[in-house]
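To start, the structure itself, in structure tokens.
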Number of protein chains: 2
Amino acid sequence: MNNKIPEKVVGRFTLYHSILLEYIEEGIELISSPQIAARLGIDDSQVRKDFILLKKSGMRRIGYSVKELKETLEKSLGFADKKDAFIIGAGYLGLALAKYDNFMYYGLNILALFDNDPLKVDMQIGDKMIFHISKLSNLVNRLNVDIAILTVPKAHAQKVTDLLAEAGIKYIWNFTPAVLKVPPEVKVCNENIMASFLRFAYKDIQQ
Amino acid sequence: MNNKIPEKVVGRFTLYHSILLEYIEEGIELISSPQIAARLGIDDSQVRKDFILLKKSGMRRIGYSVKELKETLEKSLGFADKKDAFIIGAGYLGLALAKYDNFMYYGLNILALFDNDPLKVDMQIGDKMIFHISKLSNLVNRLNVDIAILTVPKAHAQKVTDLLAEAGIKYIWNFTPAVLKVPPEVKVCNENIMASFLRFAYKDIQQ
DNA sequence: TAGATTGTTAATCGATTAACAATC
DNA sequence: TAGATTGTTAATCGATTAACAATC
């Protein structure tokens, strides 16, 4: 949509958005860059610099309209464009993601889950079916899905990834700790939970 | 332990570690920086530069000993130092994290879960009890725990955070999409899942 | 007006990449 | 030896912070 916003800025955009939702709940109509910055512990000029990318002006001496800023952020982050996805693996993590309301709000539409456990197959999670993994290839094609969210045990991660690539999945959001091998046309995004913890532990948690 | 390793490098360290585990499984004893770099799609001089921080030498013309490199990484990442933590919120995500084997391996020891749902209280997840949230303050003090992993619904996040801070928790690993307000002595690390997706979507997923 | 805030440029800082001598 | 790889420095690139004129 817009011409390239750096990843780091996209990350901050979601935090700004979350703060704006709070302000709306509290009925506050104006917000300033120092207010946002203080809330996040960052520099206020960074907030304003990020906003340049939104091409949306504030009001000098006043700040920004909470409502307009929120809508501009949503447009920029592409909330409008729905993206369909499958969840692969119906363990606790898969189920947690299947029930995560926020996804729909942010434009990510989970159509179904897949698992190889006969006890789970054909169950329903909210309005989402759990299919046997053997049905994947068929459904990827029929429903034209190209995003998979991978939550299987680490030991099966590569095997299942090969299946996904073969079925025609183009984007894998990887919640397993495995470093996946994929053909060049497939993109992987690693949600490395352990790495996040270690970063946290390393930065903040002294003995 | 070591004198400050940048967050980004810690993140890469975990990826290097994961690759080394694979090499060990396959019985390969040597690995070179170009091999690691190719696997991760990064620059090989970056790999070597990161290794400078480990103060562990490789062998020119040969590469690095997989086994030694793995052990050095583990020492540097502080695997040895066990850290106790509570999970707050026994929904699917809380349960997923409670059963996440990797935590223990990386030195994070989950002692128990907390919830306010009477149906969940007193249940057991593996070897971990679910306590009523009212017992939190008591147990934080008795067991000397200062890390909480927050997986409650967004609507309750701030309220529960206030409880945690009051009980004496010093580190909150926040899996909710809320931007938490905490007193200055409490550190928060945000696991912003939606932000990760949007970064992914923004970078890679074109319409 | 006086004062607070924006918008933006310049300065600083840190991270990545390129290059290459040392070397086994 | 010849060739591949390390270790490290220098060059580049990008992100953050400082500073301040414009302005409502």
Side-chain angles (χ1 to χ4, degrees), chain A residues 2-16 19-20 23 28-70 72-73 76 190 195 198-199 202-203, chain B residues 2-16 19-20 23 28-70 72-73 76 190 195 198-199 202-203:
Chain A
N2 301 32
N3 14 343
K4 268 307 164 214
I5 294 181
E7 272 188 64
K8 283 220 156 180
V9 180
V10 174
R12 283 196 297 269
F13 275 2
T14 65
L15 296 174
Y16 301 157
I19 292 172
L20 293 173
Y23 269 66
I28 304 172
E29 287 177 8
L30 292 170
I31 194 167
S32 71
S33 59
Q35 280 177 309
I36 296 174
R39 196 77 171 63
L40 294 173
I42 62 176
D43 201 276
D44 58 301
S45 56
Q46 181 159 78
V47 175
R48 292 196 298 281
K49 197 155 204 205
D50 287 347
F51 286 172
I52 293 177
L53 298 169
L54 293 175
K55 285 163 194 146
K56 180 81 184 63
S57 313
M59 293 157 284
R60 283 168 206 264
R61 211 191 93 87
I62 307 282
Y64 303 84
S65 150
V66 171
K67 187 162 158 291
E68 283 179 24
L69 194 53
K70 169 177 166 281
T72 309
L73 277 171
S76 170
N190 291 309
L198 289 173
R199 266 194 292 260
Y202 220 88
K203 189 177 48 164
Chain B
N2 302 33
N3 14 344
K4 267 308 165 215
I5 294 180
E7 273 187 64
K8 284 220 157 180
V9 180
V10 174
R12 284 197 295 271
F13 275 2
T14 64
L15 296 173
Y16 301 158
I19 292 171
L20 292 172
Y23 270 65
I28 305 171
E29 288 178 6
L30 290 170
I31 193 166
S32 71
S33 57
Q35 279 177 309
I36 297 175
R39 196 76 172 63
L40 294 172
I42 63 177
D43 202 277
D44 59 301
S45 57
Q46 181 158 78
V47 175
R48 292 196 299 282
K49 198 155 203 204
D50 288 346
F51 287 173
I52 293 177
L53 297 169
L54 293 175
K55 285 162 194 143
K56 180 83 183 59
S57 313
M59 292 156 287
R60 281 167 207 264
R61 211 190 93 86
I62 308 278
Y64 302 84
S65 151
V66 171
K67 189 163 158 291
E68 285 179 22
L69 194 52
K70 168 177 167 282
T72 309
L73 276 171
S76 169
N190 290 308
L198 289 172
R199 268 194 291 261
Y202 220 89
K203 191 177 44 165

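Just so it is clear, the model here is predicted, and its values are computed rather than measured. Quick note on labels: first sequence line is chain A, next is B, and so on, each numbered from 1.
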Which nucleotide sits closest to the side chain of [X]: [options]?
X: A:Gln46; options: D:dT17, C:dA18, D:dG7; value: D:dT17
X: B:Ser32; options: D:dA15, D:dT5, C:dT6; value: D:dT5
X: B:Arg48; options: D:dA19, C:dC20, D:dT16; value: C:dC20

D:dT6 OP1/OP2 closer than 4.0 Å to side-chain N/O of B:Ser33
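Affirmative; the distance criterion is met.
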
Residue pair A:Leu198 / B:Thr14: nearest heavy atoms and the distance that separates them
CD1-CG2, 3.5 Å

If you look at every heavy atom in B:Pro6 and B:Leu53, which pair is closest and at what distance?
CD-CD1, 4.1 Å

Report the base-pairing partner of D:dG7 (Watson-Crick or G-U wobble, both distances below 3.5 angstrom), or none.
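Paired with D:dG7, as far as the under-3.5 Å criterion goes, is C:dC20.
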
In the structure shown, which nucleotide is the Watson-Crick or G-U wobble counterpart of C:dA15, with both distances under 3.5 Å?
D:dT12

Would you kindly give the [atom1]-to-[atom2] distance between [X] and [N], to the nearest whole Å?
X: B:Arg12; N: C:dT17; atom1: CZ; atom2: P; result: 9 Å
X: A:Lys4; N: D:dC13; atom1: NZ; atom2: P; result: 19 Å
X: A:Asp44; N: C:dG7; atom1: CG; atom2: P; result: 13 Å
X: B:Leu40; N: C:dT16; atom1: CG; atom2: C1'; result: 15 Å
X: A:Phe51; N: C:dT8; atom1: CZ; atom2: C1'; result: 15 Å
X: A:Lys8; N: C:dA15; atom1: NZ; atom2: P; result: 8 Å
X: A:Leu69; N: C:dT5; atom1: CG; atom2: C1'; result: 15 Å
X: B:Ile36; N: C:dT16; atom1: CD1; atom2: C1'; result: 17 Å

Along DNA chain D (nearest heavy atom to each residue), the more 5'-positioned of A:Glu7 and B:Pro34
B:Pro34

Going by modelled atom types, is there a donor-acceptor pair between the base of C:dT6 and the side chain of A:Arg60 at under 3.5 Å?
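Counting by modelled atom types and ignoring angles, a donor-acceptor contact under 3.5 Å is found here.
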
Assign each of A:Ile62 and A:Ile52 the nucleotide of DNA chain C bearing its closest heavy atom; nearer the 5' end lies the nucleotide of A:Ile62

Less than 4.5 Å apart, side chain to side chain, heavy atoms only: is that true for B:Tyr16 and B:Arg39?
no

Taking B:Ser32's backbone N and O only, do any of them form a donor-acceptor pair with B:Gln35's side chain (distance below 3.5 Å, no angle check)?
yes

Is it true that a side-chain atom of B:Thr72 and a backbone atom of B:Glu68 form a donor plus acceptor pair closer than 3.5 Å?
yes

Just checking B:Lys49: base, sugar-phosphate only, or nothing, at a heavy-atom cut-off of under 4.0 Å?
base

